[in-house]
Amino acid sequence: MGVKKTDIVLLDENGIRCDGRKINEPRRIMIKAGVLKNANGSAYIEFGENKILAGVFGPRDVHPKHLANTDRGILRCRYHMQPFSVGERKNPAPSRREIEISKVIKEALEPALMLENFPRTVVDVFIEILQADGGSRCAALDAAAVALADAGIPMRDMVSACAAGKVADTIVLDINNEEDQEGQADMPVAYMPNLGKVTLIQLDGVLTPQEYEKCVNTALEGCKLVYEVQKKALQEKFFGDDAK
Amino acid sequence: MGVKKTDIVLLDENGIRCDGRKINEPRRIMIKAGVLKNANGSAYIEFGENKILAGVFGPRDVHPKHLANTDRGILRCRYHMQPFSVGERKNPAPSRREIEISKVIKEALEPALMLENFPRTVVDVFIEILQADGGSRCAALDAAAVALADAGIPMRDMVSACAAGKVADTIVLDINNEEDQEGQADMPVAYMPNLGKVTLIQLDGVLTPQEYEKCVNTALEGCKLVYEVQKKALQEKFFGDDAK
Amino acid sequence: MGVKKTDIVLLDENGIRCDGRKINEPRRIMIKAGVLKNANGSAYIEFGENKILAGVFGPRDVHPKHLANTDRGILRCRYHMQPFSVGERKNPAPSRREIEISKVIKEALEPALMLENFPRTVVDVFIEILQADGGSRCAALDAAAVALADAGIPMRDMVSACAAGKVADTIVLDINNEEDQEGQADMPVAYMPNLGKVTLIQLDGVLTPQEYEKCVNTALEGCKLVYEVQKKALQEKFFGDDAK
Amino acid sequence: MTSSTIIDDLKKKKILALLKEGQRIDGRALDEPRQLTIDTGVIPKAEGSARVRLGDTEVVCGVKVQPDKPFPDLGDRGIFICTAEILPLADPSAEPGPPGEEVIELARVVDRGIRESGMVDLKQLVLEKDKSVVGIFIDNSVTDYDGNLFDACSYASVASVLSCKLPKFKYDSSNGSVSKVEGEFSAPPITTIPVSVTMGKIGDTIIVDPNADEWSCMDGRITITTNAAGNICAVQKGGHDGFTPEQLVQCSKISIATGAKIRDILKQAGGS
Amino acid sequence: MTSSTIIDDLKKKKILALLKEGQRIDGRALDEPRQLTIDTGVIPKAEGSARVRLGDTEVVCGVKVQPDKPFPDLGDRGIFICTAEILPLADPSAEPGPPGEEVIELARVVDRGIRESGMVDLKQLVLEKDKSVVGIFIDNSVTDYDGNLFDACSYASVASVLSCKLPKFKYDSSNGSVSKVEGEFSAPPITTIPVSVTMGKIGDTIIVDPNADEWSCMDGRITITTNAAGNICAVQKGGHDGFTPEQLVQCSKISIATGAKIRDILKQAGGS
Amino acid sequence: MTSSTIIDDLKKKKILALLKEGQRIDGRALDEPRQLTIDTGVIPKAEGSARVRLGDTEVVCGVKVQPDKPFPDLGDRGIFICTAEILPLADPSAEPGPPGEEVIELARVVDRGIRESGMVDLKQLVLEKDKSVVGIFIDNSVTDYDGNLFDACSYASVASVLSCKLPKFKYDSSNGSVSKVEGEFSAPPITTIPVSVTMGKIGDTIIVDPNADEWSCMDGRITITTNAAGNICAVQKGGHDGFTPEQLVQCSKISIATGAKIRDILKQAGGS
């Protein structure tokens with residue numbers, strides 16, 4: 001009541017963020033694998049207020065055929081927001097933003113997939129944002145990677161994603177919506193935790209070279225936390241509650 | 001002249017409707033077969049103020065080929081309104097309404113056609129609404145069925161269509177534009193008069209179960225009247241004025 | 001300052017036009033051949049304030065293949081304006097005007113090309129209007145014809161284009177932007193100078209039969225002047241500065 | 001594709017053989033819909049939402065409520081638009097891209113069934129006559145396909161609307177702007193609960209709520225929506241075969257009886 | 001397709017052989033257009049309309065008149081837009097969908113011929129300068145194809161406009177709204193009657209109003225529009241071959257002579 | 001296509017072999033960008049413009065400045081939009097038509113690099129808060145392709161903006177109209193000069209400004225934009241392979257060092 005957006009205290013004197021988290025604390029993450037009946041693999045993630053569904057089909061025949069690659073399978077990826085996923089109703093046609101995110105997600109997943117085993121085929125990853133919050137591309141990637149594993153696509157490594165950013169002159173883990181709007185920088189990162197490679201990195205906002213390095217490392221710590229949640233989701237799917 | 005739309009008396013104390021018709025009386029219907037030179041079959045209908053042209057091509061090769069069906073011919077149908085056919089100029093691009101009507105018309109014609117005789121081919125039905133009035137989809141169907149017969153496509157039966165509806169708490173035959181706007185229900189029906197099957201039925205508006213049954217039967221009576229006009233049109237085309 | 005458009009004197013008492021030219025004087029024309037590295041042939045033209053780039057690819061395979069012609073090569077042409085080429089930013093999607101101009105330019109170039117030598121192939125001409133002024137379609141044609149020659153496509157003749165028009169009741173050569181806006185008629189003409197054939201002619205505006213004939217002849221004189229500049233551009237490209 | 005076609009053929013023969021004995025492939029009675037599960041409020045950022053499972057068909061539906069300009073000539077009522085989309089993860093044969101005629105029909109039939117019932121009293125959604133009204137936008141996204149999307153999307157839409165919290169808007173006549181009154185909500189003006197019941201015709205047998213296997217081999221289809229008073233408010237026939245007039249009456253009776261049972265489930269889910 | 005190609009080839013040879021003797025395949029003189037039949041008022045709900053048959057080419061044209069915002073920088077004149085579409089029932093090779101370059105050229109040439117003649121005085125269509133003007137929208141739909149759509153659409157457009165009843169609109173400067181004055185109509189402000197004449201060039205022979213057979217084998221094409229004063233107001237050359245300067249002059253003379261005859265038919269049809 | 005594939009293969013092997021010895025196919029050092037040539041003012045009718053050659057990659061960029069409505073919720077800042085298009089004459093594989101994902105990414109990365117740097121102070125582009133602002137529209141057209149369009153388009157955009165003459169606009173609050181004050185111009189409100197530096201990763205070697213041959217065989221890609229203070233303001237990774245955390249730091253250092261040199265060239269070209 002009467003509180004304007006810009007009056008939000010992003011970080012208080014005790015190092016507590018606007019949603020009560022500490023600097024290095026991610027939001028609540030819940031992943032469930034194998035949630036769809038038709039898809040070859042699927043996963044549902046809740047990451048903060050993000051609610052995202054990922055489904056995988058393939059390896060399967062490519063249509064139209066001229067898109068097929070004789071050397072290796074191809075990966076296609078669609079990141080798509082539901083009309084009701086954001087504050088103002090979104091037009092369901094894919095925006096330029098969604099097309100770009102689809103591309104960077106595809107390139108973040110590709111290094112982990114052994115597509116050379118499946119020439120002339122395609123693996124399709126469909127990501128549907130049911131409810132969007134800050135960091136939706138990282139959460140989408142996390143769900144997509146679990147869905148690929150659930151589909152039994154051979155993978156070199158998991159792909160785990162988490163953002164870091166700069167808020168009130170401080171590097172913090174896992175930017176939420178308010179921090180994204182009012183903060184100083186947002187850096188989504190995807191990581192193959194065993195191969196040690198960053199497969200997605202973007203940055204919007206200004207960082208000194210020192211802050212940049214710290215931000216990368218903070219995000220990587222987040223990716224490792226996500227990785228544990230992803231593994232747990234797959235264990236629960238394949239080995240049931242015993243795995244807990 | 002100071003008379004507002006809502007002041008229209010849809011049904012007066014003598015059972016006479018706003019355009020002077022009785023409850024079971026259809027509007028004027030005129031059908032002419034074989035009106036186009038290029039189409040394999042064609043028909044022009046005037047049904048009340050509706051003025052509609054239907055043209056048929058086929059059976060002919062399917063492009064693109066992958067749409068062809070090896071078991072039977074396919075039927076394609078386009079219901080399309082001219083920009084000048086309605087009060088306010090209509091955008092010529094097909095609306096969602098036109099796409100839906102095209103589909104229900106296709107499904108209303110399909111049971112009457114012996115498409116199993118023409119595997120790998122397509123029959124195209126193009127319907128152009130030159131002037132629209134209430135009941136245009138029924139009138140369109142009536143013209144399309146005559147055009148198919150004119151094209152010599154083997155048919156199990158004619159398809160004859162007419163709407164019934166509810167106006168001033170009364171079930172009436174063949175709803176016109178004002179009755180559609182101001183009335184209580186509109187039920188377009190298509191019927192194969194010899195096979196006794198309803199191939200299209202839609203309903204917008206509220207009917208009791210008893211009214212529903214009466215409305216279906218009223219529409220069927222209309223379909224039978226239309227059937228006579230369709231037969232006459234084909235006789236005049238193929239046997240000339242002697243047939244009158 | 002305070003001078004309104006309509007106050008422009010299009011032709012003064014000494015027969016001098018609003019940009020200082022005489023009645024039969026074209027604007028400055030500069031053509032340079034072979035300006036692009038990737039295109040098989042290319043040309044850049046400055047014609048008045050027009051700045052236009054043309055690039056040619058081919059003869060090359062046609063995609064999709066069903067567009068190929070077994071008797072002769074096909075010619076495709078795209079006339080396209082940059083968003084920044086005109087006063088108000090232009091939407092980069094091709095307008096209906098651009099599509100029509102693409103077609104008339106294609107038909108103006110086609111008679112000069114020996115496409116019968118290259119069955120099943122396509123020659124693509126891409127024209128980009130970097131800055132637009134009156135007469136851009138003629139200037140575009142002039143550049144495209146030089147680009148085709150630069151690409152080594154066998155030609156029966158050059159195609160040279162220039163407009164004439166009617167301004168202040170006088171037939172003048174090479175209409176500029178102001179004359180196009182405020183003048184009485186604009187007639188773009190393309191000509192094969194050795195074969196003596198007009199391959200493009202359009203007219204907007206009213207001419208008496210006598211003026212029409214004079215306008216055609218005036219435009220043809222302009223085409224011949226352009227032809228000299230086109231030849232010079234090709235000589236400079238292929239024989240270097242010695243050709244000057 | 002060959003092996004899958006053979007299986008499809010065998011399945012179809014099985015379905016037909018069973019139906020001759022009055023049985024269905026999944027053991028249901030001819031007029032028995034599948035289990036219906038409804039969760040509302042699944043998308044907290046939307047004003048209303050529901051996840052519906054009808055057998056193995058699953059739909060997520062969200063409602064957005066926004067001020068809007070009224071349609072010309074309809075200045076005295078709010079806007080109510082219902083859409084439907086089959087997400088590509090719902091079905092191996094679904095493709096991203098603009099909707100085909102199947103999906104356009106789906107959306108229009110779902111929309112019309114609810115609209116024609118008068119479920120929401122649109123006259124109560126006017127902020128300023130001819131100038132500003134409330135718009136209710138209901139988007140259905142199919143996430144898993146097992147046939148009969150008509151009913152699944154219709155139930156999801158109805159449950160979402162029933163669970164919807166309508167924000168309060170204020171129209172400022174001095175400059176024509178509309179603002180949301182923070183923290184004030186009301187229930188939408190509901191007048192009835194429409195229920196869509198879709199029946200398939202295989203040969204001459206009518207079955208309620210066909211699953212994907214039945215859907216792929218049925219000859220005709222009819223969707224009948226009834227309101228709480230047991231009246232019929234929308235009909236849509238589809239498919240490549242016709243219905244006899246008697247079958248049309250039979251279907252209307254089934255839709256009233258089945259509709260009444262499903263209405264109870266919808267009421268409970270919507271909390272009303 | 002082979003047999004049809006052989007027939008096309010034979011027909012083309014026949015056409016060429018006949019032309020060498022100065023004869024045409026349908027017996028017409030070289031400069032003789034086909035029979036032109038015009039019915040106006042065929043679409044009573046449109047403000048103006050016409051059905052035109054030019055030989056076996058048939059076009060239905062309707063005019064809608066609506067208040068509109070003027071184009072920027074053209075606040076002192078009404079809107080006049082002429083379109084053309086080849087309906088898919090007009091021709092086995094026509095396809096539904098967005099217009100190709102052929103149809104775009106057709107529409108633009110028809111529009112330009114009428115616009116450049118100044119047929120309608122657009123300055124008399126202003127309701128309130130820079131704010132509100134009358135728009136005249138002329139839509140041509142080709143219903144049967146037998147070549148030379150340029151002239152058929154042009155005649156249909158001109159006849160529709162001549163037969164048009166212009167409603168009276170009232171601009172309310174207090175709120176910028178426009179209302180129609182029921183029952184009051186006027187004739188559109190006509191200044192001249194433009195006539196389009198299209199000529200084909202086959203080899204070096206110029207023929208007027210080519211039919212479909214001639215159209216498919218002609219080398220070049222030119223459309224010249226003349227006004228009532230016998231002046232030339234629009235030209236469009238098409239086709240894959242050129243014209244000599246002498247042929248251009250010859251064509252202009254044909255267009256003036258033929259145009260005068262057709263103008264009489266248009267006048268009669270338009271009732272003026 | 002076979003022979004060209006063989007040549008491509010041989011070229012790729014050559015590139016890899018040279019890189020093992022720390023050499024590049026065109027003789028450059030690993031961290032050496034190609035020659036950068038900038039001409040500004042090449043499109044006099046645009047408010048700003050530049051032709052940029054980076055090696056054999058060529059881009060023409062034009063800036064249009066126009067009054068516009070602000071975005072909702074962003075009523076206190078002007079509009080700044082940067083686009084990019086690969087013209088079909090730039091590359092035999094380019095096709096006319098709507099942009100693919102490659103070009104959409106290109107445009108968004110170029111736009112974001114400049115926007116996030118805060119190069120133009122958008123708050124100074126407001127004519128009337130929430131009502132009317134100045135829009136700066138920067139369109140890049142690639143006319144010749146030789147790899148690394150990210151940097152070429154970014155430099156062209158920056159140079160065009162630096163060379164831009166901002167017309168003066170006047171907002172009339174009585175009727176909400178905006179007019180241009182003829183003959184009055186100012187420099188745009190520049191706060192910093194951002195420089196994009198794109199690096200390719202081939203095997204484990206990082207190279208600056210890959211040309212087309214290198215571009216087609218690189219495994220990963222990263223574009224880092226730095227501002228005049230030597231801080232990092234945008235990053236975008238692409239390509240089918242990942243980077244180690246150490247490589248990410250290495251790349252940031254290269255981008256700061258290389259960016260400083262290129263900033264001098266941009267300053268000179270922009271006349272500031």
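Letters go in sequence order (proteins before strands), and every chain restarts at 1.
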Nearest-0.5 Å distance, CG of residue B:L203 to CG of residue D:L248: 11.5 Å
Is it the case that more than 12 heavy atoms not belonging to D:K11 sit under 6.0 Å from its NZ atom? no
Taking side chain as everything from C-beta outward and backbone as N, CA, C, O, which of these in D:Q247 sits under 4.5 Å from a heavy atom of chain B? Side chain, backbone, both or neither. neither
4.5 Å side-chain heavy-atom contact, D:D241 and B:E110: no
Under a 4.5 Å heavy-atom cut-off, does chain B meet the side chain of D:N227, its backbone, both or neither? side chain
Please examine the side chains of B:V198 and D:K237, heavy atoms only from C-beta on, and report whether any two atoms are closer than 4.5 Å. no
Between D:N231 and B:L207, the two heavy atoms sitting closest are CB-O, 3.3 Å
Scored by heavy-atom pairs under 4.5 Å with chain B, the best of D:K253, D:R115, D:E116 is D:E116
Nearest atoms (heavy-atom pairs only) where D:P99 meets B:R96: CG-NH1, 4.3 Å
Test your reading of the model: is there a side-chain donor-acceptor pair from B:E107 to the backbone of D:G239, 3.5 Å cut-off? yes
Contact class of B:L195 relative to chain D, heavy atoms under 4.5 angstrom: neither
Please report the shortest heavy-atom distance between B:K103 and D:E101, naming the atom on each side. CD-O, 3.8 Å
Given B:D204, B:T208, B:V206, the one with more heavy-atom pairs under 4.5 angstrom with chain D than any other is B:D204
Tell me if the CZ atom of B:R72 is crowded by more than 12 foreign heavy atoms within 6.0 Å. yes
Shortest non-hydrogen contact from B:P111 to D:G242? CG-N, 4.2 Å
Top contributor to chain D contacts, counting heavy-atom pairs under 4.5 Å, from B:K106, B:E211, B:Q210, B:Q202: B:Q202
With rounding to the nearest 0.5 Å, note down the distance linking CG in B:L113 to NE2 in D:H240. 12.5 Å
Kindly compute the distance separating CD (D:E105) from CD1 (B:I101), expressed to the nearest 0.5 Å. 11.5 Å
Taking all atoms of both residues into account, what is the closest heavy-atom pair of B:E213 and D:V249, and its distance? CG-CG2, 3.5 Å
How close do B:Y212 and D:I224 get, heavy atom to heavy atom, and via which atoms? OH-CD1, 4.1 Å
Can you tell me which portion of B:I201 sits under 4.5 Å from chain D's heavy atoms? Options are side chain, backbone, both or neither. both
